[in-house]
Amino acid sequence: MDILEELNQRQREAVEVAEGPLLILAGPGSGKTRVITHRIAYLVRECGVSPHRIAAVTFTKKAAREMKERLERLLGPRAQELTTATFHAFCASVLRREGQHVGLDRAFVIYDQDDQLEVLKGAMEEAEIDPKRYTPRAVLSAISAAKSQLLDDESYGAMRSNPWEGVVHRAYQRYQEMLQRSNAVDFDDLLLKTYFLFRDNVHVVSQYQMRYLHLLIDEFQDTNVAQYAIARLLAAKHRNICVVGDPDQSIYSWRNADIRNILSFQQDYPEALLVTLDENYRSTETILEAARGVISANNQRIDKSLWTRNPRGKPVVVGEAYNPEEEAQQVLREIERLKRDEGYSLGDCAVMYRVNAQSRALEDGCLRYAVPYRLIGGLRFYQRKEVKDLVAYLRLVLNPYDEVSLARVINVPPRGIGQHTLDQLTRMARSRGIPLYAAMQLIVEHEEGDSKNHPLAARTSRAVERFLHLLNGLMEEGQRLPVAELLDAVLERIGYKSHLMEDGEQGRERWENVQELCSTAMEFQQMAPQEGLSAFLEGVALVSDVDSLEENKEAITLITLHQAKGLEFPVVFIVGLEDGLLPHIRSFDDAGQMEEERRLFYVGMTRARDRLYLMRAFRRGFRGNSGPGPSRPSRFLGDIPPHLVSSLATAGQGIAPPGQSLGGRTGPPKEDGPVTARVLLKAGERVRHSKFGEGIVISCVPSGQDHEVTVAFKGNSGIKKLLLGYAPLEKVD
């Protein structure tokens, strides 16, 4: 195929740049993945660059997988020679080969966030830091921020300037000592250690500089200081660095992403060529114009004006509800109408929100009306107890010094080694400066020599010996068995199925998850045992929520705005458009954070292809508290040109989900105008509410442009004060 044939003029410009630094400013829906893949294909097919000498990194396995699939269609078998990976996976592969230069054994394990928190709690205990005064999550976040700024524990300690940083430094030191003892790294270490490896070992970095003639980085606005530093070292020899991104979509500062990387790229590379991809292939003209109205208020951006050849499309719909429950009802009503009247499927629809807690009302609504849904960001598959148990056994086979995994499974299934025994083992190991695994070996040796030079009773010592024998046996099998067969051996040796089945129906569901894990392990069956095990565990550690997002599933997608980055849907609902939620209250006193909140809203808006709905609730119990008064509409709504907006009522609101009458009004009154055409209620009249049931009106008094009605409901609902214009009340004859 002709590589350039499918591209527009700007895309061709980006593809045909063969040498030197290149900044591709790619707006949402502008075909950046197509440009990246076609640029790689152009370098290989037209410029004669060997695929072996090209590296392309991105931020999710899903994006890397999509990139690889497209390249296979463009290059055929030669695509297998390319390096296409996430940033963390790329660094992990480098450290597997070269880690000895920074004190890492190639069998190191990667700790996920739960593991990291467990290690840090132990580190804080050893450092005598009160976890009630200094929360472990806050300390871990500070350590992560330090690592992303290329500060190891020693450098951080030299720079500390206040008591809080002194506390973090003490925890940081112990935390790193415990990671090293376990031959483990956290996510940030993958970057930090790779940077130190390249910075301090000229003979190593020169090999990678020679190999990679071209480096391409996707989603460059999401890089942190460490990632950009690694990229600059890799590209230092040839300077063929191509970065693709959009400052308007930088939404991960809480993960230490630094928007300055993309804003300052042309200062770092003065000879860099800038190509702007401004034609949008995804959204309607109306959605783009609305999104442009929102983002143009930001200052930290490189100006561009997205345009499209797509149709004008329907107006952006703004809906108002009384509370989150009614908000969810309105969303489900409209999805049902879209499905019935306009031919959309449930899988075409996504509901997005600022914080995970907002999914509760949406999930309740879906369950009540039997609407299938998939929740992105709930309990992930690899976070389920049974899956983590088995992964811990496999990690121990690869690295028996992994103390987090050892502590997790030493008594799973129960084998007579309780927490007290584990504490004794840990104290013994700490006093001798050795790992837990080595402490268990010493105990077994002492028992065989009839020595009592350890703290355990004879019965407990025998239980430890049996576990050590089990673990050593699995380690021997790990040398010769592919990962799927090794997992079968683990299940058989520990009797895990019968252990799960003790929980009845729940046990059967958990066993299904185990079988799913076994199926995943089959993908590594053709690899050498140790290599396959390492690759499998690395994949488990670096997986993200959207990596397993099923395409074309007939279910509504419930997802946070942060997780929605990189996705698109025909129909998008964004709920919770209220000041304090979106933008979040934490951004009110920080102009930079407020700009990021605006970018987050912009990202959500530009996920929509055909229809965009923006929803808010008049009252919302944020963090379980109803608050003293009504919520204010999000200030971002005022940035959307009014001629682009319509109300939910005119969009066809009022259709109930299957088999359920939701009753009530057909839409809330506009907030600006006077309340008209409303039947006022009188004391003593009987009413019905869709949630609270039947009740008797106590009073109905003016409240601003509305009326506040007080109703005594039957049962546990009690007395409620409601705004008449928003409450779904019906008179009962």
Checking the side chain of [X] only, and the main-chain atoms of [Y] only, is there a donor and an acceptor separated by less than 3.5 Å?
X	Y	result
Arg133	Asp130	no
Thr421	Ile417	no
Gln530	Gly478	yes
Trp164	Ser161	no
Glu126	Ala123	no
Gln525	Ala521	no
Asn411	Pro414	no
Gln116	Tyr111	yes

Taking atom [atom1] of [X] as the centre, report whether more than 12 heavy atoms of other residues, nucleotides or ligands fall under 6.0 Å from it.
X	atom1	value
Gln207	CD	yes
Arg97	CZ	yes
Arg106	CZ	no
Met501	CE	yes
Tyr228	OH	yes
Gln100	CD	yes
Met522	CE	no
Gln180	CD	no

To the nearest 0.5 Å, what is the distance between [atom1] on [X] and [atom2] on [Y]?
X	Y	atom1	atom2	result
Asp189	Phe196	CG	CZ	9.5 Å
Ile110	Asn399	CD1	CG	11.5 Å
Leu398	Leu533	CG	CG	5.0 Å
Ile494	Leu471	CD1	CG	11.5 Å
Asp105	Arg96	CG	CZ	9.0 Å
Leu486	Arg480	CG	CZ	9.5 Å

Residue set satisfying ring-ring contact (aromatic ring centres under 6.0 Å, His included) with Tyr393, at least two apart, ordered chain then number -> none
Next item on the list: Could you pull out all residues at least two apart from His101 that satisfy ring-ring contact (aromatic ring centres under 6.0 Å, His included)?
Entry: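 With neighbours one apart ignored, the set is His203.
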Just do the side-chain hydrogen bond (donor to acceptor under 3.5 Å, both in side chains) check on Ser182 and Asp402 with the steps written out, would you?
CA-CA 4 Å; Ser182 293; Asp402 176 359; 5.0 Å; no
| query | Please walk me through it: do Arg493 and Glu477 pass salt bridge (Lys or Arg N to Asp or Glu O under 4.0 Å)? | reply | CA-CA 12 Å; Arg493 295 282 189 87; Glu477 298 212 55; 2.3 Å; yes
Salt-bridge present ([X], [Y]; N to O < 4.0 Å):
X	Y	answer
Glu128	Arg170	no
Asp364	Arg368	no
Asp115	Lys388	yes
Lys565	Asp222	yes
Asp152	Lys147	no
Glu516	Arg510	no

Shortest non-hydrogen contact between [X] and [Y], atoms and distance:
X	Y	value
Arg354	His584	NH2-CB, 3.9 Å
Ser405	Ala392	CB-O, 3.6 Å
His88	Leu191	NE2-CD1, 3.8 Å
Tyr212	Leu234	CD1-CD2, 4.5 Å
Pro136	Leu120	O-CD2, 3.1 Å

Distance-only polar pair, side chains of [X] and [Y], donor-acceptor under 3.5 Å:
X	Y	answer
Glu531	Ser534	no
Tyr373	Glu363	yes
Asp423	Thr426	no
Gln176	Asp153	no

Inset, instruction - Please lay out, stage by stage, how Asp389 and Lys385 fare under the test salt bridge (Lys or Arg N to Asp or Glu O under 4.0 Å). - result: CA-CA 6 Å; Asp389 285 349; Lys385 181 183 184 305; 2.9 Å; yes
Heavy-atom side-chain contact between [X] and [Y] under 4.5 Å:
X	Y	answer
Leu558	Tyr353	yes
Leu406	Met440	yes
Leu567	Lys62	yes

The test is salt bridge (Lys or Arg N to Asp or Glu O under 4.0 Å); show your working for Lys497 and Glu492 and say whether it passes.
CA-CA 8 Å; Lys497 183 175 183 179; Glu492 182 180 349; over 6 Å; no
Chi angles and distances behind the side-chain hydrogen bond (donor to acceptor under 3.5 Å, both in side chains) call for Tyr437, Asn472: CA-CA 10 Å; Tyr437 175 72; Asn472 288 338; 2.6 Å; yes
In terms of relative ring orientation, are Phe524 and Phe536 parallel, tilted or perpendicular, with 30° and 60° separating the classes?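 The rings of Phe524 and Phe536 stand perpendicular, inter-plane angle above 60°.
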Pairs meeting criterion ring pair (Phe, Tyr, Trp, His ring centres under 6.0 Å) with involvement of residues 495-522, two or more places apart:
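Every ring pair (Phe, Tyr, Trp, His ring centres under 6.0 Å) pair that includes a residue of residues 495-522, provided the two are not neighbours, is Tyr496-His499.
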* For side-chain hydrogen bond (donor to acceptor under 3.5 Å, both in side chains), just list the numbers for Gln80 and Glu72, CA-CA rounded to whole Å, side-chain angles, deciding distance to a tenth of an Å, and then say yes or no. => CA-CA 8 Å; Gln80 299 302 319; Glu72 285 173 350; 2.8 Å; yes
Give the intermediate values and the outcome of side-chain hydrogen bond (donor to acceptor under 3.5 Å, both in side chains) for residues Thr560 and Gln563. CA-CA 5 Å; Thr560 67; Gln563 291 165 324; 2.9 Å; yes
Cation-pi between Arg211 and Tyr208: NZ/CZ under 6.0 Å from ring centre and within 45° of the ring axis? no
**Request:** Give the C-alpha distance, both sets of side-chain angles, the deciding distance and a yes or no for side-chain contact (heavy atoms from CB on, under 4.5 Å) between Leu425 and Ile443.
**Result:** CA-CA 9 Å; Leu425 280 169; Ile443 286 173; 3.2 Å; yes
